[in-house]
Amino acid sequence: MTADREPEVLALFRECGAILDGHFVLSSGLHSERYLQCALVLQYPETAARLGNRLAALIDAGHVDVVVGPALGGVIIAHELARALGTRSVFAERKAGMMSLRRGFGISAGARVLLVEDVVTTGESLREVAAIVSRLGGEVASVAALVDRRGGNPWPLELPLISLLRLEIPTYDPSDCPLCRRQLPIDAPGSRQTTCGI
């Protein structure tokens with residue numbers, strides 16, 4: 001998406017009440033004063049389809065055989081991207097703390113895979129899914145997200161991240177979190193629950 005479309009996507013998140021302020025533990029374990037609850041945007045099928053179509057327009061459809069998203073955040077947008085690209089969608093999920101493909105899902109050797117997430121802070125979940133794809137003989141062809149909020153966090157994948165919206169939102173290590181020092185109440189709305197480091 002071009003930069004002139006970012007305000008429209010940001011406005012949509014605000015309209016849906018999907019940008020929350022407070023003290024949050026992100027799925028990555030990092031702390032932040034802002035949380036993006038994509039589920040509040042993606043709960044509307046027409047909106048999810050529209051965002052999927054917009055993100056798909058940035059992807060070379062000829063280089064995608066399957067779209068894979070990590071559960072829980074990547075499931076809906078992976079489905080909508082697959083619909084827009086005319087391919088199938090599967091998701092990886094955690095079992096005993098390890099990301100894996102379950103439910104009979106598979107990736108064929110040589111398959112070109114699009115990895116997608118709702119919000120990316122560190123890219124760790126996508127890195128874990130990329131490792132699964134590699135073990136199965138697939139090839140990660142593209143990596144995408146609705147929202148890129150990496151800021152200064154290092155990117156663990158070789159391919160660039162394609163996104164509809166890029167936001168600079170500070171994150172903090174839990175051992176050095178100014179929000180914890182102020183003893184602000186903490187919420188962990190992500191799929192991996194962690195606790196305050198102080």
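Numbering of residues begins at 1 and proceeds along the displayed sequence. The figures here come from the full heavy-atom set of this structure, side chains too, leaving out hydrogens, waters and symmetry mates. All values reported here derive from a predicted model rather than from experimental measurement.
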Exercise: identify the closest heavy-atom pair between [X] and [Y]:
| X | Y | result |
| --- | --- | --- |
| Val119 | Cys38 | CG2-SG, 3.3 Å |
| Gly52 | Ala84 | O-CB, 4.0 Å |
| Leu179 | Gly22 | CD1-O, 4.3 Å |
| Pro70 | Val116 | CD-O, 3.1 Å |
| Leu165 | Glu6 | CD1-O, 3.7 Å |
| Val64 | Asp60 | CG2-O, 3.8 Å |

Partner of His23 by side chain to side chain donor-acceptor pair (under 3.5 Å), out of Glu33, Arg182, Arg34, His31: His31
By side chain to side chain donor-acceptor pair (under 3.5 Å) - contacts of Glu80 (at least two apart): Arg83
Under 4.5 Å side-chain linkage, directly or through intermediates, the cluster mates of Leu40: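 Result for Leu40 is none, singleton.
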Calculate, to the nearest 0.5 Å, the distance between atoms [atom1] and [atom2] belonging to [X] and [Y] respectively.
| X | Y | atom1 | atom2 | answer |
| --- | --- | --- | --- | --- |
| His63 | Ser142 | NE2 | OG | 8.5 Å |
| Met98 | Glu93 | CE | CD | 14.0 Å |
| Ser32 | Leu20 | OG | CG | 10.5 Å |
| Asp148 | Ile169 | CG | CD1 | 10.0 Å |
| Trp155 | Thr122 | CH2 | OG1 | 8.5 Å |
| Ile76 | Leu81 | CD1 | CG | 12.5 Å |

Report yes if the side chains of [X] and [Y] come closer than 4.5 Å at any heavy-atom pair, otherwise no.
| X | Y | answer |
| --- | --- | --- |
| Val129 | Glu117 | no |
| Ser163 | Val120 | no |
| Leu164 | Leu58 | yes |
| Tyr44 | Cys16 | yes |
| Leu26 | Arg149 | yes |
| Leu10 | Ile19 | yes |

Sidechain-backbone polar pair: Thr87 side chain, Asp65 backbone, donor-acceptor under 3.5 Å: yes
Asp176 side chain to Asp173 backbone, donor-acceptor under 3.5 Å: no
Let me check something: do [X] and [Y] share a hydrophobic cluster, defined by ILVMFWY side-chain heavy atoms less than 4.5 Å apart, either directly or through other members?
| X | Y | result |
| --- | --- | --- |
| Leu72 | Met99 | no |
| Val75 | Leu146 | no |
| Leu167 | Tyr172 | no |
| Val113 | Ile162 | no |

Partner set under side-chain contact (heavy atoms from CB on, under 4.5 Å) for Val140, not counting sequence neighbours: Leu115, Ala130, Val133, Val143, Leu159
Criterion side-chain contact (heavy atoms from CB on, under 4.5 Å) against Val147, the qualifying member of Val41, Thr121, Asp118, Leu36: Leu36
Test applied, side-chain contact (heavy atoms from CB on, under 4.5 Å); reference residue, Val68; option that passes from Ile107, Leu114, Ile132, Leu126: Ile107
Derivation of the salt bridge (charged side-chain N to carboxylate O under 4.0 Å, His left out) call for Arg54 and Glu8: CA-CA 12 Å; Arg54 287 185 176 177; Glu8 184 182 344; 2.5 Å; yes
Parallel, tilted or perpendicular: rings of Tyr35 and Phe24 (30°, 60°):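 Phe24 vs Tyr35 ring planes: tilted.
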Over 12 non-hydrogen atoms of neighbours within 6.0 angstrom of CZ in Arg166: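 Not buried by this count: 12 neighbours or fewer within 6.0 Å.
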